[in-house]
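Sequential numbering from 1 along the given sequence is applied to the chain's residues. Reckoned from all heavy atoms, side chains included, excluding hydrogens, waters and symmetry mates.
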Amino acid sequence: MAGRTPEETGDLTLLGNRHVSYDFNYTPEVLETFVNKHPDHDYFVKFNCPEFTTLCPITGQPDFGNVTISYVPDERMVESKSLKLYLFSFRNHGDFHEDCINIIMEDLIRLMNPKYIEVWGRFLPRGGISIDPYCNYGRPGTRWEQVAADRLAWHDMHPQIVDNR
């Protein structure tokens, strides 16, 4: 990979691999990281997954939503193809929306130990109601701990207009 040393990319197995299979069951071990070349800069990385699907744990019916992940990396960053495969693995996973969003955040914290992360799910309505769980984390003992508290307190004070529901 251009611009990266083998030490920085040696663990990546999915990027560029044309024979990747999609697992329809929750598979956190598919997640991969690479070295952040700018750990001395604080900056956000944002992913948007508008086609997230999972199953209702009670009825087994599909749930559709948009999952947004924003994080401030430290030493490691999540590789996007592995993240795509990971999010896809929720397809046959039966859990409530709130659980899925918290599981995603917890898996990413374990994976890369970010300075800050937030995960927000905006699910399409079923039964006439939509559910939009939000969770975040700021590394304890750093300024990001207070950022997390502030963003949690104010995260939805100006909700966006959603015209697809």
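The main-chain N or O of D95 is never found under 3.5 Å from a side-chain atom of D99 such that the two would form a donor-acceptor pair.
Residues L108 and L83 form a side-chain contact, since some pair of their non-hydrogen atoms from C-beta on lies under 4.5 Å apart. Looking only at side-chain heavy atoms (C-beta outward), P62 and R91 come within less than 4.5 Å of each other. Inter-residue side-chain proximity for S130 and L124 is flagged as unmet; no heavy-atom pair is nearer than 4.5 Å. With contacts defined as side-chain heavy-atom distances shorter than 4.5 Å, the pair T68/F47 does not qualify.
Under 3.5 Å, the side chains of D74 and Y116 contain no donor-acceptor pair of N or O atoms. The closest side-chain donor-acceptor pair between Y71 and E118, if any, does not fall under 3.5 angstrom.
Cluster membership check: I129 does not share its hydrophobic cluster with F64, using side-chain heavy-atom separations under 4.5 Å among Ile, Leu, Val, Met, Phe, Trp and Tyr. Residues I58 and I131 do not share a hydrophobic cluster, defined by chaining ILVMFWY side chains whose heavy atoms lie under 4.5 Å apart. When hydrophobic clusters are built by joining Ile, Leu, Val, Met, Phe, Trp and Tyr residues whose side-chain heavy atoms come closer than 4.5 Å, directly or via intermediates, I104 is not grouped with F96.
Of the inter-residue distances, the one linking L111 atom CG with E79 atom CD reads 10.5 Å to the nearest 0.5 angstrom. The distance from atom CE of M105 to atom CG of N136, rounded to the nearest 0.5 Å, is 7.0 Å. Separating the OG1 atom in T27 from the CG atom in L87 is a distance of 11.5 Å, to the nearest 0.5 Å. The NZ atom of K115 sits 4.0 Å away from the CG atom of D42 when rounded to the nearest 0.5 Å. Distance check: F34 CZ to S82 OG gives 9.5 Å after rounding to the nearest 0.5 Å. Between the CG atom of D132 and the CZ atom of F123 there is a distance of 8.5 Å, given to the nearest 0.5 Å.
In this structure, A148 and G138 approach most closely via the heavy-atom pair CB-N, 3.4 Å. Annotation for R76 and P73: closest pair O-CB, 3.9 Å, computed over non-hydrogen atoms. Across every non-hydrogen atom of P50 and N48, the tightest pair is CD-O, 3.3 Å. The two atoms that bring G128 and P125 nearest to each other are C-CB, 4.3 Å, heavy atoms only. Minimum heavy-atom separation, P140 to Y137: CD-OH, 3.3 Å. What you find for F44 and S70 is that their closest heavy atoms are CD2-CB, 3.9 Å.
Cluster partners of L55 are absent, since no Ile, Leu, Val, Met, Phe, Trp or Tyr has side-chain heavy atoms less than 4.5 Å from it.
Just one of V35, T33, N36 meets the side-chain contact (heavy atoms from CB on, under 4.5 Å) condition when paired with M77; it is N36.
With salt bridges taken as basic N to acidic carboxylate O contacts below 4.0 Å, none links D150 and R143. Residues E145 and R139 are not paired through a salt bridge, judged by the lack of any N-O separation under 4.0 Å between the basic side chain and the carboxylate.
Two rings, from F90 and F52, have their centers less than 6.0 Å apart.
Relative to the six-membered ring of W120, R122 meets both conditions, a distance below 6.0 Å and an angle of at most 45° to the axis.
Among residues two or more places apart in sequence or in another chain, the side-chain hydrogen bond (donor to acceptor under 3.5 Å, both in side chains) test is passed with D63 by R126.
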